[in-house]
Amino acid sequence: MNSRLVKQILYGTGYLATLFLIIFVVYLIWFKPAPTCFDGRQNQNETGIDCGGSCSACEIKTLQTPETSWIKYFPADNQTIIAAEIKNPNLNYGADSFSYIIDIYDHKGAKIKSLAKNSFIYSGEIKYLIELAEIDSKKIKEIKISFANFNWKSNEKFQKPIIQLREIKTEKTIVSGFLTNNNAFKLLKTRIIGLLYSRYGIMIGASKTELENISAFEEKLFKINFPKNLEDIDQTKTKVYAEAIR
């Protein structure tokens, strides 16, 4: 190989290396995607892949969706009241918003109605979902609930307000009492849920009511109305729960 050819090869290699370096620098400056919390890489200041540091905590990736303990439904004229008990198994995280869908099936297994709703749940909380479906309860064979779109927050960022219920009484199909906001801030919305039982301890009704804009340390009267056709109610077994969000 003569010296002229060697020089050409060296010059050509140098030019290619310089061109590659220029292209690489241009790519890094103008075209390379910036690191994100969704690129499947441990970059930025992350402590895990797409978690930790400036991204969401890595613990969120292992959080469990709420468990459904039971689903029941009760006739209300030509409509149906659906009640469900769910539990958040995560002790350090709640969700200030999530969505759920209630799917209702007939005796042939066909889906006859779906209800799409939104709610919230605190860490470790047992929560009750009460919804009214415009469908005759006699047509229902099965009800299922699915959850999605959880906006998880740590206990420090999503604390459960302190509320108190007192002087609860059941008179026929009306449950009443007083709710107290024991916080130094206003509660935008408070939901009170009532469950009625028969003298045999069987749940026979569920209902709810809502109070809005309860000022700090304010007390308000609430009333929960149930279908008037309920019978055999054991007033001593009534259960009432309250939940609030700031």
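Residues E131 and Y100 have side chains that bring a donor and an acceptor to within less than 3.5 angstrom of each other. Using modelled atom types, one finds no donor on one side chain facing an acceptor on the other under 3.5 Å when comparing N92 with S123. Side-chain contact, D96 with N151: a donor N or O sits under 3.5 Å from an acceptor N or O.
Applying the side chain to side chain donor-acceptor pair (under 3.5 Å) test to Q235 and every residue at least two apart in sequence or in another chain returns nothing.
The two residues P227 and T173 have their closest heavy-atom pair at O-CG2, 3.3 Å. Across all their heavy atoms, F150 and T65 have their closest contact at CE1-CG2, 4.0 Å. Of all heavy-atom pairs spanning P66 and P89, the tightest one is CA-CD, 4.0 Å. Contact between K237 and Y197 at its shortest, heavy atoms only, is O-CD1, 3.3 Å. Taking both residues in full, the closest heavy atoms of A216 and A184 are given as CB-C, 3.6 Å, listed atom of the first, atom of the second, then distance. Between F74 and G205, the closest heavy-atom pair is CE2-N, 3.8 Å.
Using a 4.0 Å cut-off between a side-chain N of Lys or Arg and a carboxylate O of Asp or Glu, E243 and R191 qualify as a salt bridge. Using a 4.0 Å cut-off between charged side-chain N and carboxylate O, K186 and E218 make no salt bridge.
Judged purely by atom type and a 3.5 angstrom limit, N181 uses its side chain to pair as donor or acceptor with the backbone of S215. At distances below 3.5 Å, at least one donor-acceptor pair connects side-chain atoms of S207 with backbone N or O atoms of N225. Under the 3.5 Å distance criterion, the side-chain polar atoms of H107 are left unmatched by any main-chain donor or acceptor of E142. K127 places a side-chain N or O within donor-acceptor distance of the main-chain N or O of F120, the cut-off being under 3.5 Å. Distance alone, capped at 3.5 Å, is enough to place a donor-acceptor pair between the K220 side chain and the E212 backbone. Checked by atom type and distance alone, the side chain of T80 pairs as donor or acceptor with a backbone atom of I135 at under 3.5 Å. The backbone N or O of G109 lies less than 3.5 Å from a partner atom in the side chain of D106, making a donor-acceptor pair. Between the side chain of N90 and the main chain of Q64, a donor-acceptor pair closer than 3.5 Å is present. With hydrogens and angles ignored, the 3.5 Å screen pairs no side-chain donor or acceptor of T180 with any backbone N or O of N182. With hydrogens and angles disregarded, a donor-acceptor distance shorter than 3.5 Å links the side chain of N88 to the backbone of Y93.
Cluster annotation: M203 and I233 are assigned to distinct hydrophobic clusters (Ile/Leu/Val/Met/Phe/Trp/Tyr, side-chain heavy-atom contacts under 4.5 Å, transitive). I104 and I71 fall within a single hydrophobic cluster, where Ile, Leu, Val, Met, Phe, Trp and Tyr are joined by side-chain heavy atoms under 4.5 Å apart, directly or via other members. One hydrophobic cluster, built from ILVMFWY side chains closer than 4.5 Å, cannot hold both I130 and Y73; they sit in different ones. The cluster map of Ile, Leu, Val, Met, Phe, Trp and Tyr, joined by side-chain heavy atoms under 4.5 Å apart, puts L165 and V175 in the same cluster. Taking hydrophobic clusters as Ile, Leu, Val, Met, Phe, Trp and Tyr residues chained together by side-chain heavy-atom distances below 4.5 Å, Y128 does not share a cluster with I86.
Using a 4.5 Å heavy-atom cutoff, the side chains of L179 and E219 are not in contact. Side-chain contact check for I101 versus F147: every heavy-atom pair is 4.5 Å or farther apart. Using a 4.5 Å cut-off on side-chain heavy atoms (C-beta onward), E171 and S176 make no contact. For the pair I168 and F178, the minimum side-chain heavy-atom distance is 4.5 Å or more. No side-chain heavy atom of I224 sits under 4.5 Å from any side-chain heavy atom of K208. T238 has its side chain out of reach of L195: every pair of non-hydrogen atoms, C-beta onward, lies at least 4.5 Å apart.
Other residues, nucleotides and ligands contribute over 12 non-hydrogen atoms within 6.0 Å of the CG atom of N229. Summarising the local packing, CD of E134 is surrounded by 12 or fewer heavy atoms from other residues, nucleotides or ligands at distances under 6.0 Å. Shown here is K141, whose NZ atom has no more than 12 heavy atoms of other residues, nucleotides or ligands within 6.0 Å.
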>> Could you go through D234 and Y200, starting from their C-alpha distance and side-chain angles, then the distance that decides it, and tell me whether this counts as side-chain contact (heavy atoms from CB on, under 4.5 Å)?
In response: CA-CA 8 Å; D234 188 335; Y200 301 105; over 6 Å; no
> When you look at I245 and L187, which way does the side-chain contact (heavy atoms from CB on, under 4.5 Å) test go after all the steps?
Replying inline: CA-CA 6 Å; I245 192 167; L187 297 177; over 6 Å; no
> When you look at F98 and S119, which way does the side-chain contact (heavy atoms from CB on, under 4.5 Å) test go after all the steps?
Replying inline: CA-CA 6 Å; F98 71 91; S119 191; 3.9 Å; yes
> Run the side chain to side chain donor-acceptor pair (under 3.5 Å) check on S114 and D103 step by step: do they pass?
Replying inline: CA-CA 5 Å; S114 289; D103 291 319; 2.5 Å; yes
>> Apply side-chain contact (heavy atoms from CB on, under 4.5 Å) to residues I193 and V240 and explain how you reach the verdict.
In response: CA-CA 6 Å; I193 292 165; V240 181; over 6 Å; no
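Here F158 and Y122 bring their ring centres to under 6.0 angstrom of each other.
To the nearest 0.5 Å, the span separating OG on S97 from CG on N118 amounts to 7.5 Å. Of the inter-residue distances, the one linking I82 atom CD1 with K113 atom NZ reads 9.5 Å to the nearest 0.5 angstrom. Atom NZ of K117 is separated from atom CD1 of I145 by 12.0 Å, given to the nearest 0.5 angstrom. Remark: I174 CD1 to K169 NZ distance equals 10.5 Å, nearest 0.5 Å. A distance of 11.5 Å separates CD1 in I143 from NZ in K72, rounded to the nearest 0.5 Å. Rounded to the nearest 0.5 Å, atoms CH2 (W152) and CG (L63) are 5.5 Å apart.
Within the hydrophobic cluster formed by Ile, Leu, Val, Met, Phe, Trp and Tyr side chains joined at under 4.5 Å, directly or through other members, L91 stands alone, with no partner residue.
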